[in-house]
Amino acid sequence: MSSGKILRLPNTLAFRLTLWYAGIFALCSCVAFLLFYTLITSVLQERTDQELLAQAQRFSTLLAGDGIGAVNNSAVIEAQAAGEKKVFFRLLNLTGEAFSSSNMSYWKDINVDVGAIEKLLRGSGPILETITIPNRSDEVRILYAMLNPTVIVQVGQAMESQARLLEAFKRIFIITMSFLIVLAAGVGWFMARRAVSGIEAVTHTAQKISGGSLQERVPVKPRGDEIDQLATTFNGMVDRIQTLLTEIKEMSDNIAHDLRSPVTRIRGTAEVTLTTGKSLEDYENMAASTIEDCDRLLDMINTMLLISKTEAGVEKPSGEEVEVVALIRRACELFDPIAEDKNVSLNCYAAEKALVNGDARMLQRMLANILDNAVKYTPSGGKIEVSLTGAKNHNITISIRDTGVGISGADLNRIFERFYRCDQSRSQPGTGLGLSLARAIARAHGGDITVTSTVNQGSSFNITLPKAA
Ligand code: ADP
């Protein structure tokens with residue numbers, strides 16, 4: 001690992017996850033150890049207390065049966081048997097003075113607790129206490145109990161073996177814990193690295209993409225976890241950006257192409273007139289042709305702007321109530337003469353009244369664009385039918401069916417794109433913006449346009465619009 005990477009290590013997510021993992025593991029282990037340690041300590045002390053109480057009970061029975069001498073002998077023998085450094089016994093009178101005891105040479109620092117004797121005399125039952133002998137590390141558990149109304153016994157037991165057990169327990173815990181924390185950090189690091197490797201792949205790809213390689217994608221594994229979902233979403237986003245960029249590129253190519261022809265034409269006409277034109281009429285013709293070309297250009301630019309505004313919601317429908325039948329009739333009347341000229345029959349079947357909320361001017365333009373196409377792409381002898389259905393439903397449908405040249409499957413997906421024109425239509429006048437605008441208007445009114453078509457048999461455009469409430 002390079003020195004830069006090592007310096008950046010504390011800032012990495014994997015490092016912080018590992019720290020958290022090891023830290024939480026260590027904390028939980030310490031809490032568990034403390035609980036276990038407290039439990040063992042109290043169990044050991046409980047056992048010692050039971051032994052001391054049982055011992056006092058035995059002395060009490062012996063005193064009642066065989067007298068103080070027997071108790072004294074038994075105390076000495078039991079202290080020797082258990083080890084004089086482990087237990088001691090003292091027999092006390094009611095003032096706390098010792099009148100007999102086992103060998104106390106090891107225990108000479110231990111005095112009688114006057115407070116405990118007083119409590120005992122007040123009838124509080126056996127007293128148990130833990131004391132530490134100065135200059136010795138281990139503790140002693142001491143019991144004061146009444147053997148009979150005049151004799152008190154003080155029994156002491158060293159807690160050395162318990163202390164040794166707890167010490168061993170602590171040592172084992174520290175050794176095991178040190179090993180386990182290192183292991184936990186290792187496992188944590190491995191898991192964190194695995195988790196963030198997917199994020200790193202996304203970052204890598206994003207870096208490559210911002211460096212210009214838009215075709216790069218994050219490899220997606222079939223696990224379907226959060227990282228794979230992130231990678232899939234990221235790839236989807238890049239796909240969308242790539243499609244948009246391609247569309248923008250195609251559109252600018254189309255705009256450049258469509259602008260170049262009229263501008264070249266205007267320039268050509270002007271040049272020819274300047275070099276060869278002699279009469280006023282030549283100059284008048286040049287001006288007329290320039291105006292015509294400029295009008296066409298302006299119309300194209302205005303339509304582009306209108307599509308953008310309608311799609312962005314800037315050009316909103318006014319929201320008046322529009323009678324659709326009247327709208328269809330007007331459109332048919334408008335195109336009837338053109339259809340007739342082409343020997344194409346145009347029939348309108350719209351009888352039921354239906355109202356939509358919208359902008360009559362925009363809706364008229366939408367219908368006109370589609371009817372214009374129907375007339376344009378239907379050869380002589382063909383038929384066009386315009387009908388209105390669903391007047392009683394929530395949505396109305398205006399269908400414009402023609403028996404024209406039709407549209408191929410591949411073109412069907414693209415005819416609503418700006419500037420898209422099917423190859424067979426290039427001979428016809430047009431800009432490729434009509435359907436884009438029509439669909440933008442339908443969508444701005446909460447509706448849509450769908451199309452079905454068979455090549456050489458005809459096309460059917462269906463406009464759905466929500467009825468006025
Ligand atoms: P244009 O100005 O070329 O008519 P449009 O956006 O209105 O542009 O239409 C896009 C393309 O869709 C047309 O160039 C044409 O190829 C195809 N098209 C539209 N309507 C029809 C139709 N009724 N019959 C056959 N082709 C059609």
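Both ligands and their constituent atoms are indexed starting at 1 by order of listing. Any value given below was found using the heavy atoms of this structure, including those in side chains, with hydrogens, waters and symmetry copies removed.
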Using a strict cut-off of 4.0 Å, indicate which atoms of ligand 1 neighbour a heavy atom of [X].
X: G434; answer: 5 (P), 6 (O), 7 (O)
X: G406; answer: 25 (C)
X: T431; answer: 2 (O)
X: L433; answer: 6 (O), 8 (O)

With a 4.0 Å heavy-atom cut-off (strictly under), which part of [X] contacts ligand 1: side chain, backbone, both or neither?
X: I407; value: side chain
X: V405; value: side chain
X: F461; value: side chain
X: Q424; value: neither

Inset, instruction - Among R260, R267, R265, find the one that has a salt bridge (charged side-chain N to carboxylate O under 4.0 Å, His left out) with D293. - result: R265
What is the closest protein heavy atom to [atom], and at what distance does it sit?
atom: atom 15 (C) of ligand 1; result: S425 OG, 3.2 Å
atom: atom 13 (C) of ligand 1; result: Y377 OH, 3.5 Å
atom: atom 10 (C) of ligand 1; result: Y420 O, 3.3 Å
atom: atom 23 (N) of ligand 1; result: D402 OD2, 2.9 Å
atom: atom 3 (O) of ligand 1; result: R421 NE, 2.6 Å
atom: atom 19 (C) of ligand 1; result: N373 ND2, 3.5 Å
atom: atom 12 (O) of ligand 1; result: I415 CG2, 3.3 Å
atom: atom 8 (O) of ligand 1; result: G432 CA, 3.1 Å

If we only count heavy atoms from C-beta on, is the [X] to [Y] side-chain gap below 4.5 Å?
X: F419; Y: L433; value: yes
X: M362; Y: T310; value: yes
X: E333; Y: C348; value: no
X: V187; Y: Y21; value: yes
X: E250; Y: R414; value: yes

Legend entry - A374 versus I400, closest heavy-atom pair with distance: CB-CG2, 4.1 Å
Legend entry - Donor on one side chain, acceptor on other, T464 and D448, under 3.5 Å: no
Could you check whether [X] pairs with [Y] (Lys NZ or Arg NE/NH1/NH2 to Asp/Glu carboxylate O, under 4.0 Å)?
X: R439; Y: E311; result: no
X: D359; Y: K316; result: no
X: R296; Y: E292; result: yes

Inset, instruction - Flag the pair F36 / F169 as yes when their ring centroid distance falls below 6.0 Å, and as no otherwise. - result: yes
Inset, instruction - Take every heavy atom of G404, measure it against each atom of ligand 1, and state whether any distance is under 4.0 Å. - result: no
Legend entry - Close approach of N369 to ligand 1, heavy atoms, under 4.0 angstrom: no
Inset, instruction - Would you check whether P429 has a nitrogen or oxygen atom less than 3.5 angstrom from a nitrogen or oxygen atom of ligand 1? - result: no
Legend entry - Any N/O pair G430/ligand 1 closer than 3.5 Å: no
Legend entry - Parallel, tilted or perpendicular, as decided by the 30° and 60° cut-offs, for the rings of W189 and F15: perpendicular
Inset, instruction - Return the option from L437, I370, L435 holding the heavy atom at the smallest distance from atom 6 (O) of ligand 1. - result: L435
